[in-house]
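Here is the structure we will look at, set down as structure tokens.
Labels below follow one simple rule: chain letters A, B, ... track the order of the sequence lines, proteins then strands, and each chain is numbered from 1. Computed over heavy atoms, backbone and side chain alike; hydrogens, waters and symmetry mates excluded.
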Number of protein chains: 2
Amino acid sequence: MTASGADGTVGPVEPVPAHAAQHRATIADVARRAGVGAGTVSRVLNGGARVSETTRRRVLAVIDELDYRPSQAARNLSLGTTSTVGVVVPFFTHASAVERLRGLVPVLTGGAYDFVLFDVETREHRNHHLDSLSRPGRIDGAVVVSLPLTDAEVTRFTRARIPLVLLDAAHPGVPHVVIDDVRGGRLATEHLIALGHWRIAFVGDPPTNPFDFTSSTDRRQGYHDALARAGIAARPEYVKEGSHDREVAFRLTEELLSLPEPPTAVFVASDTQALGVLEAARRHDVAVPGDLSVIGFDDIEVSRLVGLTTVRQPLQDSGARAGALLLQLLEGGTAPAETLLPLEVVFRETTAPPPTARSGRATSGRGARR
Amino acid sequence: MTASGADGTVGPVEPVPAHAAQHRATIADVARRAGVGAGTVSRVLNGGARVSETTRRRVLAVIDELDYRPSQAARNLSLGTTSTVGVVVPFFTHASAVERLRGLVPVLTGGAYDFVLFDVETREHRNHHLDSLSRPGRIDGAVVVSLPLTDAEVTRFTRARIPLVLLDAAHPGVPHVVIDDVRGGRLATEHLIALGHWRIAFVGDPPTNPFDFTSSTDRRQGYHDALARAGIAARPEYVKEGSHDREVAFRLTEELLSLPEPPTAVFVASDTQALGVLEAARRHDVAVPGDLSVIGFDDIEVSRLVGLTTVRQPLQDSGARAGALLLQLLEGGTAPAETLLPLEVVFRETTAPPPTARSGRATSGRGARR
DNA sequence: TTGAAAGCGTTACCAC
DNA sequence: GTGGTAACGCTTTCAA
């Protein structure tokens, strides 16, 4: 490993180290050179079909000699199949998406299919991929994650005879695996209420977004349901929504904390955002859970590490289920219309009774906020 | 959202909701029906080429009517190009891989190319993908992450005229972006030595593995170098290697802690494993950094959250660089043979002087270990 | 067992 | 402008 220039780079490289043949060998080349028909070469390569041992040897020798490699494109066209399944995921590097993929990958990857991932970062990507994948000759099956599809889009897939499974999004007539987000929001809020809180805030994603994600607003619905059931009046100033991002959650939390009557607890629609909430509390010397209880949603990997109380959804399992469903479909079988996954509150270290209701352990005392 | 059976599923779905046409429309169908030639249809679809406004309209109408969508496979074959770049990544859901992809995705995704990810979990995947991608008609360019390639494999790509960039792996003649792992290991160990440690352990990956990863052993080399320079004798019992996994690191740490003379510091070859080390310390009431200093490698996202001291490598930037290099190559340009990225120790809260050497702040006291 | 030839669905070149 | 017609490289059917 040698040192380098100021920009960290070292000497240039030929555009294409052109020690290569001008013409890539095709099946015809092999056939000609081996003195056989193209069909025979194909037979040697694929079908365990009947080819005499001698010609087989000869063909193999020529293939080796010419370093022949069949063209995937030609193969796909001829076969009308790709042996590939596509997975469309918005922001696949986000923690929850990664968890889902962790479950999905092994099941899809085990069988006869290639697994390829299509990332979506913008509305254009979304449309482009959905369009491109639903046309014939690209993939044999798809699982689309977190993206609500239009009827027209679904139809395109069915018309193209491409089996489809939805994960974290529902559509009638398309097998999908989901959770009940409204119920999840209720669970989280009820946990807080049971602890004695009534000044409970909500932090989540914006209701309108380029992808029509609805889980955050569904969870907010559950939050409002729980409040109503408990006879607690909803306060508009306690509901903060901003892009799915730790920094943004940080800022929203600062707004919450500087309210004349700040909340004693906050339900955050995702663990990622909850981390931002936690950071804001720490930055402003608000003790968690002493002065502020925080409950998240998802139970991503770090949540356990930082002791975050959260509503756990089986992320990894959801991926595994969706993958299995697609495989079933690919094999010509049927799949249940809906797979509803269970939810569960994981009580860890960021929630506790509110300051006023507390008796035991010493804390920095109530009213110390800000 | 309705309730469901015990297995969380609801009613079955038709294998293929067959309200579809028997025959998917092809360009010929469109041409016939529009009373034009196939060439014309192609022209209205692609080349902004000269087509009369009237025929153009007519063709478009028929396309819409027939819901015609061009076959990607046929297109690829005819064009000899796929407008797709492939990225091969082992264990892409691992934290460091995700960070790299976070940098790679936006640059690859911005331009005229589709980005597709190929996951590698086994030696078979590795070989399969490398083989399949290096044959014509699959992708237009590739970046291979963390996988050392054989000369033969590299040759296949060059023969197929597929631009290739290596990330976190080197090969002469192939543009690659890397760090100096040996130096990184030395940096980490020197940090510990500077703090006053001399009983310094190492936890990392196994030297032999299915993918020939070498970064862990390179970092270990740096560790030994630093020790030697400082005149500290290496102790074999202080070197623990096991699979890249938090649980395994946890166990290895327990072994370290139960040594007659346990280390006062440990250099862990990755942050992921460092988290396991931290957990083991916590479990056994070993104060960090009071009784045990821990320094990791990578600086993944959680490291900041848990205050882990670590050797930072620009993961995200590495992805961005590799992506940019590939784009250059794709446009017929050249790329520097090697891009060497900088390393830096990020001093956070898990390292401090060893118990005996300490003067200031009160701790649980030395010798309290185990 | 094996060669010849007909697709597979596009694109691009060449006359008209 | 536009239609006809070769490729593109493979698989598969059909005879022989």
Side-chain angles (χ1 to χ4, degrees), chain A residues 21-60 62-63 66-83 132 134-138 140 159-161, chain B residues 21-60 62-63 66-84 132 135-138 140 159-161:
Chain A
Q22 278 308 46
H23 175 66
R24 277 193 314 267
T26 72
I27 200 169
D29 298 328
V30 177
R32 192 175 318 119
R33 182 140 179 144
V36 302
T40 303
V41 178
S42 177
R43 271 165 232 144
V44 172
L45 246 22
N46 310 302
R50 13 217 81 280
V51 177
S52 83
E53 193 51 29
T54 42
T55 39
R56 155 183 227 77
R57 277 213 202 317
R58 184 149 33 95
V59 170
L60 251 17
V62 175
I63 286 179
L66 263 41
D67 189 42
Y68 162 69
R69 5 208 50 238
S71 149
Q72 193 66 37
R75 201 152 195 285
N76 290 351
L77 180 58
S78 186
L79 248 24
T81 195
T82 63
S83 306
S132 129
S134 64
R135 59 184 62 184
R138 198 99 157 88
D140 289 352
R159 291 278 268 274
R161 296 276 162 67
Chain B
Q22 279 307 47
H23 174 66
R24 279 193 312 267
T26 71
I27 199 170
D29 298 327
V30 176
R32 193 176 318 120
R33 181 140 181 144
V36 302
T40 304
V41 178
S42 179
R43 268 166 238 145
V44 330
L45 244 24
N46 311 303
R50 11 219 81 279
V51 178
S52 82
E53 193 51 28
T54 44
T55 38
R56 156 183 226 75
R57 277 213 202 313
R58 185 150 33 96
V59 169
L60 251 18
V62 174
I63 285 179
L66 262 40
D67 189 44
Y68 162 70
R69 7 211 45 242
S71 150
Q72 193 64 36
R75 200 150 196 286
N76 290 350
L77 180 57
S78 184
L79 250 25
T81 194
T82 63
S83 306
T84 291
S132 130
R135 58 184 62 184
R138 197 99 158 88
D140 290 351
R159 291 278 268 273
R161 297 275 161 68

> Leu77(B) CG to dA6(D) C1': how many Å, rounded?
Replying inline: 13 Å
> Taking atom C1' of dT2(C) as reference, at what distance in whole Å does atom CD of Glu53(A) sit?
Replying inline: 16 Å
>> One character per nucleotide, please: for nucleotides 10-16 of chain C, 5' to 3', B when the base has a protein heavy atom closer than 4.0 Å, S when only the sugar-phosphate does, - otherwise.
In response: BBBB---
> Does the side chain of Leu45(B) come within less than 4.5 Å of Val59(B)'s, by heavy atoms?
Replying inline: no
> Just how large is the angle between the end axes of the helix from dT1(C)-dA16(D) to dC16(C)-dG1(D), five pairs per end, to 10 degrees?
Replying inline: 40°
>> I'd like to check the side chain to side chain donor-acceptor pair (under 3.5 Å) partners of Ser42(A); sequence neighbours left out, ordered by chain and number.
In response: Asn46(A)
>> Expressed as a whole number of angstroms, how long is the span from Arg58(B):CZ to dT2(D):C1'?
In response: 11 Å
>> Restricting to side-chain contact (heavy atoms from CB on, under 4.5 Å), what partner residues turn up for Ser83(A), sequence neighbours left out?
In response: none
> Who are the salt bridge (Lys or Arg N to Asp or Glu O under 4.0 Å) partners of Arg135(B), not counting sequence neighbours?
Replying inline: Asp131(B)
> Sequence neighbours excluded, which residues qualify as side chain to side chain donor-acceptor pair (under 3.5 Å) partners of Thr82(B)?
Replying inline: Asp140(B)
>> If you compare every side-chain N and O of Thr55(A) against the phosphate oxygens of dT1(C) (OP1, OP2), does one of them come in below 4.0 Å?
In response: no
> In whole angstroms, how far is the C1' atom of dT2(D) from the CZ atom of Arg56(B)?
Replying inline: 14 Å
>> Test of understanding: with salt bridge (Lys or Arg N to Asp or Glu O under 4.0 Å), list the residues that count as partners of Arg75(B), not counting sequence neighbours.
In response: none
>> Run the side-chain contact (heavy atoms from CB on, under 4.5 Å) test against Ser132(A) and tell me which residues pass, sequence neighbours left out.
In response: His128(A), Arg138(A), Asp114(B)
N/O donor-acceptor pairs under 3.5 Å from side chains in residues 30-39 of chain A, not counting sequence neighbours:
residue	atom	partner	partner atom	Å
Arg32(A)	NH1	Asp29(A)	OD1	3.4
Arg33(A)	NE	Glu65(A)	OE2	3.2
Arg33(A)	NH2	Glu65(A)	OE2	2.3

> What is the distance, rounded to the nearest whole Å, between atom CZ of Arg32(A) and atom C1' of dG9(D)?
Replying inline: 13 Å
